[in-house]
Amino acid sequence: GGYYYSLLNSQQSQPKKTVVVYASISEMTSADPSTEFSNSIMWLAFTYERLIYYDPIQNKLIPELAVSWERSQDNLTWTFHLRHGVTFHDGSPLNADAVIFSLNRTITLGQGAAFLWASVKSIEKVDDYTVRLHLNYPAPIDLIASAAYASYIFSPKVVQYAKASNATDPKISDWFNAGNDAGSGPYKLIKWDPKNEVIFEKYSAWWGWNATDYPLKSSSAPDIFTIKIVADAVTQENMLLAGQIQIAQQVPLEDLNNLKNNPNIQVVTKPSFQQLILLLNTKKAPLDNVLVREAIAHAIPYDDIVTVARYGYARVASGPVPYGMWGHSDQFRYSYNLTLAKSLLVQAGYPNGINRKLLLTYTTGDIYEKRSAELIQSALAQIGIQVDVRPLSWDEQWALAKSGWENPNNAQDILMFYWWPTYNSPFDFLYNMFDSQSKDFNLGYFTNETFDNLLSTAVTLEGSDREKATTLYLQAQQIIYEQVAGIPLWDMTYVIAASSSLSNLDMAINPAYPTVIFPQALSLKS
Amino acid sequence: METLLTVDDLKISYKSGNYYIKALDGVSFEIKEGESLAIVGESGSGKSTLGMAIARLLPPNAIIEKGRIVMKDIDILNSKPDSIRGKLISMIPQEVGTALSPFHKISTVFEDVMASENKATNILNEASKILAFLGFKDPERILKSYPHELSGGMLQRVLLALAIIKRPYLIIADEPTSMVDAPLRINIVEILNAVRKEFNISMIIITHDIAITPHLCDNIVVMYAGKIMEYGKAKEIIDNPLNPYTKLLINSIPRIKTATRFEVIERKNTQIQFYKGCPFADRCESFMKGICDITIPRYTSLGNRKVLCHLYNDKK
Amino acid sequence: MIKSKSLLKVQNVTILFRKNIGVLKKEDMIIRAVDGISFDVEEGEILGIAGESGSGKSTLAKSIAGLLKPTSGIILFEGENIYEIKGEKYRYFRKNVQMVFQNPFGSLNPSMKIRDTLKDVLKAAKKETNEDVLRSLMEFVNLNYEILDKYPSELSGGQAQRVAIARAIATQPKLLILDEPTSALDVSVQAQILTLLKKIQTEKGLTYILISHDIGVIRYLCKRVIVMKAGKIVEQGDIEDIIYRPKEEYTKRLVESLLRLYGYIEN
Amino acid sequence: MPVSLRYVIKRIFYLFLVVLGVITIVFIATRIIPAHPEFLWAGPHATEEQLQEARNELRLNDPIWVQYVYFIENMLTFNFGISWSSRHPISQDILSALPATLELAISGFIIGILIGLFLGIRAAVKYGSIIDKFVRSLSISGSAIPVFWLALIFQLILAIKLGILPVGYRIDPNAEILEGFQPITGFYTIDTLIEGKFDLFLDVLKRLLMPALVVSVYPLCLTARMTRSLALETLQEDYVRNMRSWGVKDNVIIRKYVIKAVIPPLIASLGLSFGYALVGSFLVEVIFAWNGLGMYVVHALANYDFPAVIISVMTVAIIYSSINTVVDILHAYLDPRIRL
Amino acid sequence: MIISSRFIREYYEYLKKDKLGLTGAIIVMIFIFLAVFAPYIVPYPADAWGYAYNIEQRLQPPSLAHPFGTDVYGRDVFSRVILGSRFSLIIALGVVSIALLIGVVLELFAGYLGGRIGTFFMRITDMFLAFPPILLALLFAVVIGRGLLNLIISLSLAWWPWYARLTYVQVTTVKNMPYIDAAKIAGINTPTIIFKYILPNSLTPVTVQAFLDMGAAILEAAALSFIGIGVQPPNPEWGLMISEGWYLIGVAWWISIFPGIMLFLVVMAFNFLGDSFREFNNPKVRRLLESRGI
Ligand SMILES: Nc1ncnc2c1ncn2[C@@H]1O[C@H](COP(=O)(O)OP(=O)(O)OP(=O)(O)O)[C@@H](O)[C@H]1O
Ligand SMILES: Nc1ncnc2c1ncn2[C@@H]1O[C@H](COP(=O)(O)OP(=O)(O)OP(=O)(O)O)[C@@H](O)[C@H]1O
Ligand SMILES: [Mg+2]
Ligand SMILES: [Mg+2]
C-alpha cells in the first residue's frame, strides 16, 4: 500500500486541473462541422466558432469571428470584416480564405443544414480580412451566419491533414470523425468516444479570453470540459448528487423541488425554442376532414399535459412559432372543450366516434413525449377516438412518416415530434413543417397554396423588412390554426441542474443553441 | 469367557411424519468375548436397527425409548459416539458399490480412519499388513486405487480391513453375503472366520442367509417384528427349531440335496389387530388351531436357549 | 413313452450389445450377452436356467419373451419364428408367452391401481374384465380382493409378486417365463411364492422357464436344468445329475461350494 | 489424474456443434420466421434504398442454403454487420462492451458462489436447525427477488438515501484526464492494478460492489440451495455412514468428503449459475449505468436496432456454451468416475 | 395418473407440515383469487386498466384512499398492482403450459422411439439449451414483436427445451423399467404404453419443474417488460410498472416499490410451493424431513 501512496502523492503535487463534467442524455453523432445536424452541436458550438453569435433573449447579434458586417441597399450583398489575431487550434490564422473555404465546403456538400445558405450565389474575398457574400434573393444572412448548424468556420489545412484531394473529399469527413477538430473555439477536442465521453481542453490561445467586446467568457473557466453520455435522467441526478458530474442535462423534473432545496445544487431554467407538436395526416381519412382535426384539437387537455409531461416546465404552445421568437402570437391556442369537440365530431359525420384505431407515433426513449402521448390517448378516448400509441426509433418514425408522401394511407395518423430552430426565424418552423415543398419534415402532408405563397414572400422580406415579414408569418400561422394542420402542444422550458460550485450558468445556456453549455462562460468556484 | 456386550430391554421406534414405527420392542441378549452371533429374521424385523443402535449409527429419526447397551462397562448409548465408533465397535457394510467415497483413494480413507490414533507406526504400513493378511498380493496398489477400480470381492475385503484396522472388540456385519454367488459366500465365511481367529474379535452377523450361520456363528438370535423369537446355539436352533417362526424360517430354505417340501401356512385375512399381541399369531398354526391365544407370550429359558412362544410358557 | 411336442425351440441364439465409446467415428465395444445358445422346451415341462450374475440369463429370457430380437439365431414358438409372425399369429404368441420379473415392484406400473393394471392386460387379450374375473384371479393367487384398489407401493413384496403372477396368468398363457421371481423376497415369502407357482403349474399344466441363481429354488420346481456362464451353456441335464454328477469344472465348483454351505442344514 | 484428451476433444467438438446450432437458431429466427427479413435488418419502415442495401447484405436473392452458408461464414469470421443505431460495426461495439459485462458478471458470480457454498454446507450440517431454516427460506425467497428491482432498492437506499456508495459508472468520470488512466484489458479492476493506480483500483472496487452484490443474489441462492441438498444427499450416502462407523470424526467427513462430493455436481451447474449472473448483469447494468452489453442491448432495443440485439444475444449464448464446456471438462477432471 | 386424489390428499397432508410450502400455497391462492376477480374488486378499475388519469391526484404518497399512492398520471397504484396479478397469472399459466406441451410431447416420442430420431431431437433441444432462456426469449420477442401474447409465445419458445430434456431423460429411464416390458408382453398397444405407462411415470420431475417454473416465468416476463419488450403501457404489468416508477424513484418510491414487493411475494410463494412439491416428490429427502418433523 505504502508504495502506491507515495506514487500517488508525487502525482498530486502538480497543480490539479479543474474539471467540469456535463452529462448528456444522448450519444454524440458525427464530428464534421459542415454536415453535422444533430446532437454534436453540444460541442461543435464551442470548439468551432461562427461569424456572429446570437442572443435571442435580448435579440442581439454579437460579433464573433466577424467584428462587423453590413448589407447592401438591395439586400443582395453582405460584407463581413473578420477579427484579427485569431488562430485555429492548429496554430494557423483565421482569414478570408479560411472563411470562404469553410462556407464553400458546407454549401457544396449540401448536407445537414446547408440548405440555410440556399440564397448564396457566390462568396468573394475582398481582402485577407474581408469577405463578401452575393445572394440570389434577399435572406437574413446575419441570422444564418449565427445559426446553430452549418455555420462553423474551420482551418483549411484539414485538406492536408486528411491527405484529401479537395475540400469535398470524403477523407476530410473521415478525418473529423476520427476525433480531430480544426476549430478556433475556446476548447479543443482531446478525446472522441462518441458513445461514452467526449473531452475538451481549454485552448489558452483563444482570442476571446482577453477580448473586451465579447461577453461570453469567464476568467475561471474549467481547464477540462467533459461531455459524458449518461442516457438516463435518474442516473444523471444521482451522479450530480454524488458530485460525479457538475451539470445534468436532464433530471426527473418531479425531483426538482428536492434539488432546489439542496444547497449543493442549483437549478437553472430558461425558455427555449423547442416545441412538441402533433402533425396530423391530412391526406388520410378520417383526419383528412378538417372538422375531425378540429375536434381533436379541442379534446386535448393542454394544461394537464404540461403538468404531467413537464411537471409545469413548459408553456402551452400557441402556434408553431414558439414563445420568444419573433413572429410569435398568443392568438393561436385551442381551447380544451370536450362538448365542442364532440359536436365537431358529430358535424364531421362521426356521431359514435371513429371506428378505427388511430396510430400515433413518437420517438422512443423520450419520457416527455411518452407521457404526452399517453395522456392524449386517454383524452381522445373520451370523445370516442381510440389511439394506438407506438414508440419508434427516430429513424423508423421518420422513415414511416416520409413514406406518407408516396402513400399517406400507409403512414401514421398522428406524428409527435420536436422542432427547434436551425436558425432563428419563423420561416424555419413554418416552412419545414408545413410547406408543400418540404418533403422531409412536412409530415402531415399539408398542402396549401396560399400558405406556401405567404411563406415565400415573407422569407425574402426577412432580411429587409422584418415587420412586413412578421405580418405575413402571422397570416400563415392563421391558416395553420384554422386548418389544424398541426397541433402544437408545448414550448419547452430548459431545466438544467448543476452543482452550486458553478456560477454563470445562466449565461452559458442559450436557447438559440439548444443543449449547448458554453464552458468558456462558466466560473468554477474553488 | 467374559461378557463383552449386554443389550438390555432395548426399545427403538422411528418417527415418520405423525407415525411412530416400532423397530425394536424389548430386545435383550449378551455376547461373550470372541463370540460370533448371528441375527436372522424377516425383512423389517429390526435387525439393522439393532446393529446400528449398537454401533451408535442410528439415523436421526430413531428414538431410543428404553433400554441399555453396555460394553466393557461403558454405557454405549450415553457416551460420545466418537469414543465408540471404530475403537470399540466397527461395521462392515453390505453394499460394496456405494460403501466408499468415489472421490478418494483407498489410502486416504485409511489415513482418515487412523487419524485419531496417534500411533507411531506408519498408517499405510499397517494398512498394507492387514490387506496382505486378507489375501491381497499387492496391497500398495490397492491403496493407490479409487474404489471404482476394484472388483466387488476386493472391495469387500478392503471394507473388512477398514473395519478391523483399529482392532475393535466387536464388528458388526450387515448382510455380508447377500447377492453373492455360492463360491464367494464360502470365501467370505472363511475370511471372517480367519479374522476372528487372528484378532480375537467378536462378531455380530446380520443376515438372511441362514445357511452360513453354522459355519460362522456360535449363537443365533431370531427376530420377528422387533422381538427376539428365539435365541440359542446356532446348530441347535437349526437342528431343532422351537419357535413356530424359526421353524417356518428353517423349513423355507430350499434344499439342494433332497427335493424340498415346504409347509406353507397362508396368511388368512382376519380382523384381529395383531400388533398388540403375539407378533406371529397371524401366521401361526397353533394360534389358528386355537392352541394358544393372542396375548404376548413370555420368554422361556430351556438350557442355553430362550424362546418366545406360548407353546413353551407352560413347560419347564 | 410318447415324446411330447416341443413348445419352444431356441436355436443358436446370439445376442450382442453394442456400446458406442467412440468420439468422432464409431468405435463400438461389443458385449456378447448370449452366445450361441440352443435348447428346446417341451410342453408342460419346467426348465430351470441357473448361472452366475451377468451370465446372460435375463437377456435370454427377454429374447424368448419377444422383447429383444436376437442378433443371430431363431426362436420358434409352436414352430413359428416369433420375430417374423404378424397379426393374429403374433397376438396368439403374445397371449401365450408371459413373464414374471425379479423385482415385483418394478414390474407393476406405479401410477396405476392393481385393478387397472389387470384390466389393461385382460383387455389386450380380449378377455372379460368384470369384477368376478378379477376377484377369481386374486383368489387364485391367494390374495384378498381389496388389493385390487391399491397401488403397487402399498403392497408388500410377496403381495406384489403375487399380483405380478396373477397378471401373467390372466391371459391364460401356455409358457410362463420366471426371471428370478423370488430373489427379492424373504425366504419364508419365497416359499409361499414357490408353492403357489407349483400349484399353478399342476393345476393349469403350464410350461415354465424358471431362471434363478439359487440352485435350491430350481431344484424345488424343475427337473431339467441349464447352467449358463458368460452367455454360453456350460452344462445341461437332469437336476439330480448336475448336483450329484457334475461334469464341467464350473458346475463342479459351484455344486461343491453349495454342498459345503448347505451341508449342515441339510443333515 | 488427467482427463483423457479424447474427452476434451469430444467436448470441444461438441461445443463447435452447439455454436453452429446457436447460429442456426439465430438464422432461423431472423430469416425464416419473419416474412421479410430485410425489414428486420433495416427496420420495419426503412426507406427503399435501405431495404435494398439490406437485401444485398443478407443475400436474400440467393437460395436459402446459400444465405445460410454465407451467414455462418460471416458469424464465424466476426463479420456481424453494422449497428444501425450507432453506425459502428457490431463486432466492435460488442468487443468494447463485453469486458464491462464480464467483469460485473464474474464478480457477482464469484461472490455468489462463495457465500452460497458456505451457507449451503452450514445448513446441511445443521439440518433442521435455525440456520438451515434461514438458509432454505433465504435461498428460495432470494431467487424470487427481481434483480432489476433489487438494484433499484440498493440504489435508493445505499446511494441516494445514505450516500455510502457511489452510483453509476465503472470508474471516476475524470480518471482518464486527471489520473491518466487508460483501459488496457477493459477489466478496470485489472487495468488499475496493472497501471499501479491503487486509489483508482479502490474507486473501481467501490463502484463494482453494489451492482456485483445485486448480480450475486441469484447465483448465491442457486448455489446455496444446490449445496444444501447435495450435501444432505451426501450425508445420507452409505459411505458417510460407513466412515462414521469406523470412527472418522464428523468434521473430517464434512471438510473432506462431503465437500469433495458436493463440488463436482456443483461445478456441473456452474454454467447455469454463470448464465444467471450474466443475465442478471444485463438487467442491472441498465440501472447502474454500467456501460456493458446489457446497456448496449437495452439501448439497441429502444432504438429498434435488431441486428445489434440479435448478435449480442448470440454472443452471450456462445460465451455461455463455452463456459459450460469448460465446466464439463472441469467436472470430469474432478470426478474420477467420469472417464470417457 | 400423477394428479390422483390420493396424491392430492397426500400432498395436502404433507403441506400441513411444511410451513414454508403452506405459506406459499396460501399466497398463491390469494394471488389467483386476485387475478380472477381484480377488475371487480379494485377501487379504481379505470385507473387499473390505464384508461383514466387524474391530474389533481398525481404522485400522492400512500394514504387511506390510495394505499399504494398514485402514479404520475394520478392513477391508483393499488388498483394497478392488483390488476397486475392477472397479467402475471396469464403469463405463468400460458408460458408453462405451452412449454410443457411442446417439450413433453416432442420428447415423449423422441425418447420412446430412441435411436436416430431421439438423438436428432435431443440435438435440437441442445441447441436451444445453449442460450440462457431469458435471452432466447428476448431474441424471439425481438423477432415476433411486443405485447402480452408475443411475450408468452417468446418465453414458451425459450422454455420448452428444459422440459424436453427432463422428459427425455425420464422417458429413457422409464422405458427400460420392467413394467414397460411387462406391458409389452401382455400385448398392450404402443399408444397405450406411451400415454398410460410412460407418460404418467415420466411426469413427476417435469411437473415439479413446472411448479418451480411458475415463479420464474413471472419473473422473466417482468424482466422483459422492464426492458420494454414485453407487455406495453398502459397495461399494469409489474415489471413495466417498476420500470415506469424507476424514473421517479427519488420522489415517488411507491410507484415501483409496491409492484416489486408484489412480484417478489408471488414469485416467492410459487418458489416455496414448488420447492415443497419437489421435496415431497423426493423420497430420500422426504424421509429425512419427516423424521425431523419439519
Ligand atoms: N430411517 C427410518 N425411518 C423410518 N423407519 C425406518 C427407518 N429405518 C428403518 N425403519 C423401519 O424400521 C423397521 C425395522 O427396520 P430394519 O432396517 O431394522 O429392518 P431389517 O431387519 O434390517 O430389514 P432388512 O432385512 O430388510 O434389512 C422397518 O419397519 C423399517 O421400515
Ligand atoms: N441393454 C443392455 N445394454 C448393454 N449391455 C447389456 C444390456 N443388458 C444386459 N447387458 C449385459 O449383458 C450381460 C448379461 O446380462 P443379463 O442381465 O442377461 O445377466 P443375468 O444373468 O440376468 O444377471 P443377473 O443374475 O445379475 O440378473 C451383462 O454383461 C450385462 O452387462
Ligand atoms: Mg437391514
Ligand atoms: Mg437377471
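- Here the CD1 atom belonging to D:Ile145 is positioned 10.0 Å from the CG atom belonging to E:Leu219, to the nearest 0.5 angstrom.
- Taken from CG in E:Leu138 to CG in D:Leu301, the straight-line distance is 5.5 Å, to the nearest 0.5 Å.
- One finds the CZ atom of E:Phe140 at 11.0 Å from the CD1 atom of D:Ile310 (value rounded to the nearest 0.5 Å).
- Annotation: maximal heavy-atom pairing with chain D below 4.5 Å, among E:Ala222, E:Gly215, E:Gly274, occurs at E:Ala222.
- Heavy atoms closer than 4.5 Å to chain D are found in both the backbone and the side chain of E:Phe131.
- Residues D:Ser141 and E:Phe272 share a closest heavy-atom pair of CB-CZ, 4.4 Å.
- Proximity to chain D (any heavy atom under 4.5 Å) is shown, for E:Ile124, by neither the backbone nor the side chain.
- Of the listed residues D:Ile140, D:Val309, D:Leu272, the one with more heavy-atom pairs under 4.5 angstrom with chain E than any other is D:Ile140.
- A donor-acceptor contact shorter than 3.5 Å links the side chain of D:Trp149 to the backbone of E:Ser256.
- In this structure, D:Tyr320 and E:Leu135 have side chains that are not in contact, with every pair of non-hydrogen atoms separated by 4.5 Å or more.
- Proximity to chain E (any heavy atom under 4.5 Å) is shown, for D:Val22, by both the backbone and the side chain.
- Around CG of D:Leu162, the count of heavy atoms belonging to other residues, nucleotides or ligands within 6.0 Å exceeds 12.
- The parts of E:Ile261 that come within reach of chain D are both its backbone and its side chain, each placing non-hydrogen atoms under 4.5 angstrom from that chain.
- Taking CD1 from E:Ile134 and OH from D:Tyr276, the interatomic distance works out to 10.0 Å, rounded to the nearest 0.5 Å.
- Between the CG atom in D:Leu283 and the CD1 atom in E:Ile227 there is a gap of 6.0 Å [rounded to 0.5 Å].
- The CG atom of E:Leu139 sits 8.5 Å away from the CD1 atom of D:Ile25 when rounded to the nearest 0.5 Å.
- With chain E as partner, the option from D:Gly142, D:Gly271, D:Gly275, D:Ser321 having the largest number of non-hydrogen pairs under 4.5 angstrom is D:Ser321.
- Heavy-atom pairs under 4.5 Å with chain E peak, among D:Leu152, D:Leu20, D:Leu150, D:Val19, at D:Leu152.
- No more than 12 heavy atoms of other residues, nucleotides or ligands lie within 6.0 Å of CZ in E:Arg165, so this atom counts as exposed by the packing criterion.
- Chain E forms more heavy-atom pairs under 4.5 Å with one residue of D:Val298, D:Val18, D:Leu156 than with any other, namely D:Leu156.
- Of all the listed residues (E:Arg146, E:Arg123, E:Glu220), the one sharing the greatest number of non-hydrogen pairs under 4.5 Å with chain D is E:Arg146.
- Contact of E:Phe128 with chain D is made through backbone and side chain together, with heavy-atom distances under 4.5 Å.
- Within 6.0 Å of the NZ atom in D:Lys126, the count of heavy atoms belonging to other residues, nucleotides or ligands does not exceed 12.
- No other option in D:Leu278, D:Val316, D:Ile287, D:Ile318 has as many heavy-atom pairs under 4.5 Å with chain E as D:Ile287.
- Salt bridge E:Asp275/D:Arg228: absent, no basic N to carboxylate O contact under 4.0 Å.
- When all heavy atoms of E:Ile242 and D:Phe148 are compared, the pair lying nearest together is CD1-CE1, 3.7 Å.
- Proximity to chain E (any heavy atom under 4.5 Å) is shown, for D:Ser312, by neither the backbone nor the side chain.
- Residue contact with chain D, scored on non-hydrogen atoms closer than 4.5 Å, involves the side chain of E:Trp253 exclusively.
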